[in-house]
Amino acid sequence: MNEFLSTLTDPSITFLRYALIAGLLASVAFGVIGSYVVIKRITYIAGAIAHCVLGGIGAALFFSRRYDISWLTPMTGAVIAALAAALIIGLISIHAQEREDSIISALWVTGMAAGIMFMARTPGYIDPMSYLFGNILMISRQDLWTIVALDSCVVTLGILFYNKMLAVCFDEEFARLRGVNTRFYYLLLLCLTALTIVLMIRIVGIVLVIALFSLPAAVAGQYSSRLWQMMIISTLLSMFYVTAGLAVSYGPNLPSGATIVMIAGLGYLLTMTGRLLSRKQHG
Amino acid sequence: MRPAHLHSKATMANDPILTFDNVSFAFDDIEVLSNVSFSAQSHESICVVGPNGGGKSTLIKLALGLLQPDKGTITVLGTTPLKARTRIGYMPQFLQYDQRYPVSVLDVALMGRLGNSLFGLYSRKDKEVARHALDEMGVGDLTGRPFGALSGGQRQRVLIARALACEPELLLLDEPTANVDPAVENQLLEILHDLAATITVITVTHDLGFVSQLIDRVICVNRFVKVHPTSEVTGEVIQDIYGGDLKMVRHDHCCSARGHTHERIS
């Protein structure tokens, strides 16, 4: 723990500070958007979007190195792929009459497979593991600024449309009858979900990012009777999980993304066990 | 038979509030409504009855523009269903929602005020209207309660309050007494009776006991539609619509305090 604190305050070592700042900032987006995702029950769709992101990262790495396109960073590729996946899945689930889940699964795996194939064909060594499970050493100053910009964009839109989102998630048909363009808000929610996923890819990676969507919100849902309470509690929980995960993993050199998710899973398990026991006690 | 209070409905008296002209609708190949034509006036309290699966909810969804007819035209409040829909207060039959959905009673009622601004922020007036609607439905003291913690009857009232919060010209209630016990059902009927004094109410029900003295007109739906003034709902008519074995419910005599009972449609 001391080692964590001394590294964090060491002016010459930046990556841990960047990781912590990025994690804390992203926690706000995860608290707000994650609450919508959980009450709308679309964590499965969020999972599909997250995995499609690997395709975007792979393509960005491949084209930027092959054709020397400097602006095409993995982060840019991730944003483009996430938004594209969100729009495709959103339009499919609006228009598909049935078998929506098969189509989502198909996108999930092909997106990921495309990413792996692009990475294999990219000149130079690329470790897919760091994208799949996160690597805090890779967070650059530029990444941090991207995270700041995306985070403020997502959180602002998420809060601004609170009432409409709440109504659309609660009773889509009624919201539509009130003249609300529910399809637009559904697609907006999926796009915000996509951007939120991108925020945490550096820290916990594509595979584990869903944990930070669903686990803090699921715990917060047990203690909130209003959506805004759920958002605040899950933001704070997410901040705690990120900080604790980084602190615990740093000394023994554990993978930090996995440690963060492990702590979030433990928190969920304890809450659920506590709920179960107290319910049994009260009859 | 028309109660005196109906004279206060000065708005567009005698104008048709809902007109179906030769409307047909089918889900895939199964025809739910067949060449349906009827017209309902704005100063009437109307009840839509018919057996389960007879097309009652389909008729309502067509009127709201949630479904498009395969044939024919529908006119609501003098315009198309799509243009009229924000002037209609609607209470759905089934609301599939999560018991733990983090929403308060006032939050739900406020959804009736949605669509008035770009970001959907609620004004002071919106909150007043929503509170007033909850008061009117007798659930004004529950505003801060989580919606999921309410009883079935309380939930129905909140959903009617949400429809009222739209300040509608027409109230469409799909099975408002479904899943509530008889005592609550009677309370709801009284409330609906009071509402009918100020606003045109169209109520869908599969329960013929609902068709009581407060209803002016009955629209019977079972693929085909027949419209009757309540006084004309005789055993023959009911048999025609439901088919087969059914005891007649008389609506022109007084009922006991608990309302009247009748045999279930078998």
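Within every chain, numbering begins at 1; the chains are lettered A, B, ... in the order of the sequence lines, protein sequences first and strands thereafter.
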Is the shortest side-chain heavy-atom distance between Ile202(B) and Leu170(B) below 4.5 Å? yes

Establish, yes or no, whether a centroid distance under 6.0 Å links the rings of Phe147(B) and Tyr101(B). no

On a heavy-atom basis, the closest approach of Ile206(A) and Ala50(A) is CG2-O, 3.1 Å

With chain B as the partner, which of Leu166(A), Asn181(A), Val180(A) has the greatest number of non-hydrogen pairs under 4.5 Å? Leu166(A)

Examine whether an atom of Phe174(A) lies under 4.5 Å from a heavy atom of chain B, and if so say whether it belongs to the side chain, the backbone or both; otherwise answer neither. side chain

Chain A contact via Lys83(B) - which portion, at a heavy-atom distance below 4.5 Å: neither

May I ask you to establish whether Arg275(A) and Tyr223(A) are in a cation-pi arrangement, using a distance under 6.0 Å from NZ or CZ to the six-membered ring centre and at most 45° from the ring axis? yes

Hey, which of Gln229(A), Arg176(A), Glu173(A) has the most heavy atom pairs under 4.5 Å with chain B? Glu173(A)

Among the listed options Leu82(B), Leu64(B), Leu66(B), Ile88(B), the residue most often paired with chain A at heavy-atom distances under 4.5 Å: Leu66(B)

Do Phe38(B) and Leu59(B) have side chains that get closer than 4.5 Å, going by heavy atoms? yes

